[in-house]
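Notes for the one structure printed next.
Ligands are counted one by one from 1 in listed order, and the atoms in each one are counted from 1 as well.
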Amino acid sequence: MAAAAGEPKKIIIDTDPGIDDAMAIFLALRSPEVEVIGLTTIYGNVYTTLATRNALHLLEVADRTDIPVAEGSHVTITKGTKLRIADFVHGADGLGNQNFPPPEGKPIDMSATDFLVEQANLYPGKVTVVALGPLTNIALAIQQDPSFVKNIGQIVLLGGAFAVNGNVNPAAEANIFGDPDAADIVFTSGADVLAVGINVTHQVVLTDSDRETLASSNGKFAQYLLKILEVYFNYHHDAYSTKGVYLHDPTAMLAAINPSLITYVEGAVRVQTNGITRGLTLLYNKQKRFAEITEWSNQPSVKVAVTIDAPAVLKLVMERLME
Ligand SMILES: O=c1[nH]cnc2c1ncn2[C@@H]1O[C@H](CO)[C@@H](O)[C@H]1O
């Protein structure tokens, strides 16, 4: 059942903060269309312990310590401990090497997975998970509770590189590469999944001059983000030839907040879990009936974003973060 007009959509942000995660979290807190009912943490841009600390810190910056933080998995779904951490993108502290003081708050006494399952059961069909990191916590929730896929409203995930090169290597995008087995579980679960991949997020660039505009705002979030964005800009200047930074997480967040910003196709997505293309996401668009049974046959369809209204996304990012 659709939420009544005016009733904000409940969202849980599964996050590995992360500079663009911080932007996405602040954006959500400034968006009247959604109500953030919790943050769950995961490794990716930082290790999970630091993700939890950063999540608590960001909520303190935002004066929103009423929002619970539930700590997520420290290992992949196959219990892997060799994690790929993108500290070279976000700084050793995940937040632009600012050495912020430790948060005063603590995570709740419940795992991310238990929290996801609990909230999905509490508000069947009403909760959207916006997953901004590797998908371990979500896959664990799917495994733990068979009714999770029907009770969760939608899973909007930042992940995948659909028919474009990845950002970890030519095959794989960072969040899917972080736990390909978990990603494959999520994509084939039958849940209502919308994947926002870097084929889309690479179209949304916050330029050097946008950063100067941000600097002209006295807004609390704009001033905070300016500090942490330095490291993210430096990384992009080195790694890419774009004059600015990719707004991965904010784009996925806005796709969850306002679906009319994107268009998508539907089909079955499988994830390569080993070999040189580990982390590759491959969409079968169901246009052809193959003679043989394939690994994509009889798999449920998910939504994969294909276009984005990048100017509208940038406008919303700037307006809401400069308030
Ligand atoms: O070059 C990169 N390598 C690894 N992770 C990256 C890179 N660029 C961005 N991200 C991080 O991974 C997610 C998008 O794939 C984003 O959360 C972003 O912060």
Side-chain angles (χ1 to χ4, degrees), residues 13-28 39-48 50-51 54-55 58 72 76 82-97 129-138 156-180 182-183 186 194-206 225 228-256 271 278-281 304-305 308 313 317:
I13 309 174
D14 189 71
T15 177
D16 55 343
I19 295 168
D20 57 331
D21 298 74
M23 295 181 81
I25 292 167
F26 290 161
L27 252 180
L39 304 187
T40 52
T41 64
I42 192 64
Y43 60 85
N45 297 323
V46 293
Y47 286 99
T48 304
L50 188 49
N54 288 350
L58 291 167
T76 68
K82 228 183 105 220
L83 307 175
R84 181 183 180 277
I85 301 301
D87 51 1
F88 52 92
V89 180
H90 301 272
D93 65 354
L95 295 173
N97 291 327
V129 180
V130 183
L132 304 176
L135 293 163
T136 320
N137 294 333
I138 323 295
V156 178
L157 66 92
L158 168 72
F162 294 90
V164 299
N165 273 169
N167 57 1
V168 171
N169 61 44
E173 179 278 330
N175 287 343
I176 304 298
F177 188 80
D179 195 345
V186 172
L194 167 64
V196 181
I198 58 175
N199 48 302
V200 161
T201 60
H202 277 186
Q203 294 172 44
V204 186
V205 177
L206 184 84
L225 290 170
I228 68 171
L229 273 167
E230 181 82 28
V231 163
Y232 199 56
F233 268 84
N234 290 342
Y235 169 75
H236 281 75
H237 287 152
D238 287 344
Y240 298 98
S241 36
T242 43
K243 294 238 173 311
V245 298
Y246 296 129
L247 295 185
H248 302 286
D249 294 343
T251 302
M253 180 60 70
L254 284 170
V271 181
R278 182 178 156 83
L280 178 83
T281 45
V304 174
I308 179 91
V313 168
V317 167

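No heavy atom of Val168 sits closer than 4.0 Å to any atom of ligand 1. Within the structure, ligand 1 has Tyr235 among the residues with a heavy atom less than 4.0 angstrom away. Ligand 1 has at least one atom lying under 4.0 Å from a heavy atom of His90. Under the 4.0 angstrom criterion for non-hydrogen atoms, Tyr240 is in contact with ligand 1.
Of the protein's non-hydrogen atoms, Glu173 OE2, 2.5 Å is the one closest to atom 15 (O) of ligand 1. Looking at atom 11 (C) of ligand 1, its nearest protein heavy atom turns out to be Asn45 OD1, 3.7 Å. At the shortest separation from atom 10 (N) of ligand 1 among protein heavy atoms lies Asn167 ND2, 4.0 Å. Atom 12 (O) of ligand 1 has Ala174 CB, 3.6 Å as its closest protein atom, hydrogens excluded (heavy atom only). Considering only non-hydrogen protein atoms, atom 18 (C) of ligand 1 sits nearest to Asp20 OD2, 3.6 Å. Atom 4 (C) of ligand 1 has Arg84 NH1, 3.4 Å as its closest protein atom, hydrogens excluded (heavy atom only).
In terms of polar-atom proximity, defined here as any N/O pair under 3.5 Å, His248 makes no such contact with ligand 1.
Rounding to the nearest 0.5 Å gives a distance of 5.5 Å between CD1 of Ile228 and CD1 of Ile19.
Residue Thr201 does not touch ligand 1, judged by heavy-atom distances below 4.0 Å.
With Val204 as the fixed residue, the side-chain contact (heavy atoms from CB on, under 4.5 Å) test singles out one of Leu254, Val245, Leu247, Val317: Leu247. The one candidate from Thr40, Leu39, Asp21 that meets the side-chain contact (heavy atoms from CB on, under 4.5 Å) condition with Ile13 is Leu39.
Using modelled atom types and a 3.5 Å distance limit, the side chains of Tyr43 and Thr136 yield a donor-acceptor pair.
The main-chain N or O of Leu135 is never found under 3.5 Å from a side-chain atom of Asp179 such that the two would form a donor-acceptor pair.
Relative orientation of the His248 and His236 rings is tilted, given thresholds of 30° and 60° on the angle between their planes.
Contact record, Gly279 with Ile176: O-CG2, 3.3 Å, taken as the closest heavy-atom pair.
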